[in-house]
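Written out below as structure tokens is the structure these notes cover.
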Amino acid sequence: MILTVVALALIVVMAMAIARAFLGPTIYDRILAVNLFGTKTVLLIAVVSYIAGRPDFLDVALIYALINFISVIAVLRFFEYGSSKVNDKVGKDA
Amino acid sequence: MVRARDLFATVMLSGIYGLLSASFFILMDAADVAFTEAAVGAGIFPLLMLTVLTSVGRYEAERRRVRYLPLFVMVVLAGALFAAVLQMPPFGAVDAPSHGHVAQRYIQDSPAEIGIPNMVTSVLASYRGFDTLGEVVVIFTAAVGVVVILLGGRPKTPQQSTQALMAEHKVLRVVGKMLIPLILLFGLYVQFHGEYGPGGGFQAGVIFAVGIILYAMLFGLSNAQRVVPLGVLRWLVALGVLIYGSVGLANLVVGGEYLNYSMLASDPVTGQHIGIILIELGVGITVASAMVLIFFAFTRATRSRDELEE
Amino acid sequence: MPELITLLSSLCLLLGAFLIFSGGLGVLRFPDFFTRMHAAGVTETMAVTLIVLGLMLHSGWGLPLFKLLLILLFVMITGPTASHALAKSALHGGLRPLGDDSNNERH
């Protein structure tokens, strides 16, 4: 029962994160939204694994936690590596 | 997503799409598929795409006008697919066509014939071993293609510029140092736990590769190449496929059929276990080294082009 | 005793859900990037801790407990790190917080 409430809250927040990812306006907002979405997915999978009574789903949650962190780093590296040709348009991003 | 001119935003949104579809798979109780989607769709795919973007630039070259014919074809196709989805039997229906043919036999006989708890692994690695061999060869071919196009010829010695890419990110590097061993350990767990829970060679390979790619991103390409040299990676990509294929040949030698592991030991079930562990190992090695190789190749190509421009 | 544990677990889960919701609202409604970052980053760590703690109390001894602990540790380490790196990167990329007067000078 309470688990369902938590899962619903998570889904609502995930929808909010998607909205922020589409709205932008800067690229950092999108990164933030994707990061938020990822963390909420980890939690959602963990909660759903208890609702469904399938604890082996927790492995999937674990790998998400991992992937989420690495994507953020990859994105940041992408910016800093190509700083000369990429960064000048930050902020004017449509 | 369709209208985004900024390719970077497209990559971000496709990452979200990967997360979302994995949630669907979880809700449909398909843990193995969700695992793969997590590792590939949300993990390695955006990573490689970003690497590609570094070399091709972030924005689309010119503002193309809308082409109406492809748009029309897409809309019709999407409509047809939606209609088809509506016609599909409800989720979990007993008389759905996909449950009619071999699935029943797999479910009834695999505990006795193969005897491992995760039925998905027994289908993928044993009953459909030949399909999986094909998939591994596809990955192998992709890696070979990338190597031929981007690295061409013999591997150059890594450039002297040990310029640390994220030098000012001290926190990231410290945390990365803590996490990378854990990631590799988790990869091993997934590799050898595939018989009991969700996981297996493909996912483990991707996790392993992600750990090494993280190292390369935090400490620079040349340091990472000192850990895993390109030459070794090339051998490893081929070695995985070789292991897989030779397990099949070994079956022929001991008098069984190709990729039917029952004859590998005196007890057929033990033989199946040995065969599955070996081929999963082959899959893991090929996938991990192919992913790392592709990442290295793209990063190197970008860097050498930049140096030419300067 | 089991009742107490159930109560505690429910409390943790509900608090966590509330925090998550407030964080999501902040990310959607706040005026600029750094305030949104603040909303997400601050609530996230606490919310994840609370929810995973609630699940741990819910699950009892076993392998799942250990995996939950791993998830908790992982998110507690990576979450703040990612937030830190993102904020730093945004600052370097030329984004300035609201109310910062040195808006035009880049260093």
Side-chain angles (χ1 to χ4, degrees), chain A residues 7 10-11 14 17-18 21-22 24 27 29-42 44-46 48-49 51-52 54-82 84-90 92-94, chain B residues 1 4-6 8-9 11-13 15-16 18-20 22-23 25-27 29 31 34-35 38-39 42-44 46-47 50-51 53-55 57-59 118 165-166 168-169 172 175-176 179 182-183 186 189-190 193 196-199 203 206-207 210-211 213-214 217-218 299 302-303 306:
Chain A
L10 284 169
I11 289 173
M14 281 158 88
I18 291 189
F22 271 103
I27 206 69
D29 286 295
R30 293 181 206 267
I31 304 173
L32 176 67
V34 173
N35 189 22
L36 190 72
F37 193 88
T39 327
K40 298 307 167 275
T41 314
V42 173
L44 183 69
I45 292 175
V48 164
S49 85
I51 292 178
R54 293 277 305 270
D56 46 338
F57 285 175
L58 286 177
D59 282 344
V60 185
L62 200 53
I63 190 178
Y64 264 115
L66 192 96
I67 290 291
N68 195 27
F69 176 64
I70 287 169
S71 330
V72 172
I73 300 213
V75 168
L76 295 181
R77 175 184 167 279
F78 168 70
F79 275 115
E80 281 167 26
Y81 180 63
S84 56
K85 52 193 167 193
V86 180
N87 252 8
D88 52 352
K89 294 198 180 171
V90 166
K92 286 174 252 166
D93 168 52
Chain B
M1 190 154 167
R5 196 72 52 186
D6 185 350
F8 178 78
V11 173
M12 294 273 74
L13 291 174
I16 286 197
L19 291 166
L20 201 60
S23 306
F25 291 135
I26 282 286
L27 292 178
D29 219 11
F35 216 107
I44 204 89
L47 212 65
L50 279 180
T51 322
L53 279 194
T54 325
S55 52
R58 181 175 149 191
Y59 292 86
N118 187 3
L165 289 170
M166 308 187 84
E168 72 270 38
H169 279 300
L172 273 188
V175 171
L179 287 181
L182 284 180
I183 293 173
F186 184 55
Y189 163 77
V190 171
H193 200 255
Y196 303 100
Q203 295 92 329
V206 171
I207 296 173
V210 158
I213 290 175
L214 179 62
M217 289 193 300
L218 289 179
T299 316
T302 315
R303 176 178 292 182
D306 280 1

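Between B/Ser23 and A/Met14, the shortest heavy-atom distance links the atoms OG-CE, 4.2 Å.
Distance check, rounded to the nearest 0.5 Å: CD1 of A/Ile63 to CD1 of B/Ile207 gives 3.5 Å. Distance check, rounded to the nearest 0.5 Å: CG of B/Leu47 to CD1 of A/Ile70 gives 7.5 Å. Rounding to the nearest 0.5 Å places CZ of B/Phe35 at 12.0 Å from CZ of A/Phe57. Residue B/Phe186 holds its CZ atom at 4.0 Å from CG of A/Leu62, rounded to the nearest 0.5 Å. Remark: A/Leu66 CG to B/Leu214 CG distance equals 8.5 Å, nearest 0.5 Å.
Ranked by heavy-atom pairs under 4.5 Å with chain B, the list A/Ile51, A/Asn68, A/Thr41 is led by A/Thr41.
Here A/Val48 pairs with A/Leu44, B/Ile26, B/Leu27 under the side-chain contact (heavy atoms from CB on, under 4.5 Å) rule; sequence neighbours left out. Applying the side-chain contact (heavy atoms from CB on, under 4.5 Å) criterion to A/Ser71, with sequence neighbours excluded, gives A/Ile67.
With a threshold of 4.5 angstrom between heavy atoms, B/Leu20 approaches chain A through its backbone and through its side chain. B/Val175 touches chain A through its side chain: at least one heavy atom from C-beta onward sits under 4.5 Å away, while N, CA, C and O do not.
Using a 4.5 Å heavy-atom threshold, the side chains of B/Val190 and A/Asp59 count as separate.
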